[in-house]
Protein chains: 2
Amino acid sequence: METQDLKKVGLKVTLPRMKILELLQNADQRHLSAEDIYKLLLEADEEIGLATIYRVLTQFETAGLVTRHHFETGQAVFELERGEHHDHLVCIKCGKVEEFKNETIETCQDKIASEAGYRITDHSLIIYGVCPECQKK
Amino acid sequence: METQDLKKVGLKVTLPRMKILELLQNADQRHLSAEDIYKLLLEADEEIGLATIYRVLTQFETAGLVTRHHFETGQAVFELERGEHHDHLVCIKCGKVEEFKNETIETCQDKIASEAGYRITDHSLIIYGVCPECQKK
DNA sequence: GACCATAATGCAAAAGCTTCTCATTTCTCT
DNA sequence: AGAGAAATGAGAAGCTTTTGCATTATGGTC
Ligand SMILES: [Mn+2]
Ligand SMILES: [Mn+2]
Ligand SMILES: [Zn+2]
Ligand SMILES: [Zn+2]
């Protein structure tokens, strides 16, 4: 029940917030831009302003419900936070996004940061390439 | 002699291009945004339009003279290409950028991409953290 | 060195994404 | 149901980057 998720993080339960959360949970595509969400909601006859979508996504991000990524598409994409960190493999032809997790890389990163004396707060690893389907064309 | 660099890649030798290239070679800070370059040139009494700077940087990128990065600062940063790939460690407090290269990570990335059937074209690994100096404050 | 065709520049306007303002609506709590 | 507080929608504004077009500079030729 999503209503709980919102209350838990101190956000009022409103229609826009419910619909956006629902969409993030159920959409085929896990990684969505604000505009994607806007259009998908329109298709479902839920007319929610783009400004609200941006506002809500930022609130969700602050609340730890979603994560924002900056792939090189010009627009940020958001995905529901599932508690397990992962990185991304993005097809430059069709935009498909795959996820992966690699302990060796994570460990190396921590080592690099600590050797440089940095207190690491975050990282972003994105591999760009052409997916198997797009290679055939 | 920078004039050669430009001719080599098929670009006319113009004052803006020379000045921008020179700045990228000599600036204290290796990673500069278009606006940074604009302002530094102004300080040096070289009034070059921002549009030209963007255009030239894109041409330099296409020609392989510079590399463009998207740190999460809202603006792209550019650095002179030195032929050796590396990744970045960015201080979220002061904006300092450090470079590193890690063979283990590079190898893992290639393995991940090929296991997913992707033909890798590029990747971006950015570690965000707080640098030693900023930790003291 | 002057000339010409072509390419590059500067400026302002436009575009693309995101945030903000403020009047109106919706929630929550009683 | 009603009051107070918070959220929404619509449009304006903000930022970074790109584009159109008139003007200027460059590189090759005579
Ligand atoms: Mn993901
Ligand atoms: Mn670098
Ligand atoms: Zn693809
Ligand atoms: Zn710092």
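Computation of the quantities below employed the complete heavy-atom set of this structure, encompassing side-chain atoms and omitting hydrogens, waters and symmetry-equivalent molecules. Reminder, nothing fancy here: chain letters follow the sequence lines and each chain counts from 1.
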Of B/Lys39, B/His69, B/Gln75, the one forming a side chain to side chain donor-acceptor pair (under 3.5 Å) with B/Ser33 is B/Gln75
Rounded off to whole Å, could you give me the CG-to-P distance for the A/Leu57 and D/dA7 pair? 15 Å
Which of B/Thr52, B/Leu11, B/Ile48 passes side chain to side chain contact (heavy atoms under 4.5 Å, CB included) with B/Arg17? Answer is B/Leu11
I need the NZ-C1' distance between A/Lys19 and D/dG9, as an integer number of Å. 18 Å
How many Å lie between CD1 on B/Ile37 and C1' on D/dT16, as a whole number? 14 Å
Could you tell me how far apart A/Met18 (CE) and C/dT26 (C1') are, to the nearest whole angstrom? 14 Å
Hydrophobic cluster identity match, B/Leu89 and B/Ile105, side-chain contacts under 4.5 Å: yes
Decide whether B/Leu32 and B/Phe71 are clustered together by the hydrophobic rule: side chain heavy atoms of Ile, Leu, Val, Met, Phe, Trp, Tyr closer than 4.5 Å, transitively. no
Describe, in one word, how the ring planes of B/His86 and B/His88 are oriented to each other, choosing from parallel (under 30°), tilted (30 to 60°) and perpendicular (over 60°). perpendicular
Roughly, in whole Å, what's the span from NE2 in B/His69 to C1' in D/dT16? 18 Å
Determine the interplanar angle of the B/His85 and B/His123 rings, folded into 0 to 90°, and report it as parallel if under 30°, tilted if 30 to 60°, perpendicular if over 60°. perpendicular
Between A/Glu103 and A/Lys101, does at least one N-O distance fall below 4.0 Å, as a salt bridge requires? yes
Polar atom pairs (N or O), protein with nucleotides 25-27 of chain D, under 3.5 Å:
{"unit_1": "D/dT26", "atom_1": "O2", "unit_2": "B/Lys12", "atom_2": "NZ", "d": "3.1"}
{"unit_1": "D/dG27", "atom_1": "OP1", "unit_2": "B/Val13", "atom_2": "N", "d": "3.1"}

Assess the side chains of B/Gln135 and A/Tyr118: does a donor N or O sit below 3.5 Å from an acceptor N or O? no
Would you give a per-nucleotide map of nucleotides 16-25 of chain C, 5' to 3', where B means the base has a protein non-hydrogen atom under 4.0 Å away, S means only the sugar-phosphate does, and - means neither? -SBBBB----
How long is the line joining CZ of A/Arg17 and C1' of D/dG9, in whole Å? 14 Å
Go through the steps to decide whether B/Thr67 and B/Glu79 satisfy the test side chain to side chain donor-acceptor pair (under 3.5 Å), and finish with yes or no. CA-CA 5 Å; B/Thr67 306; B/Glu79 72 172 315; 5.4 Å; no
For the pair made of CD in A/Glu47 and C1' in D/dG11, what is the distance, rounded to whole Å? 15 Å
Could you state the CD1-P distance from A/Ile48 to D/dG11, rounded to the nearest angstrom? 17 Å
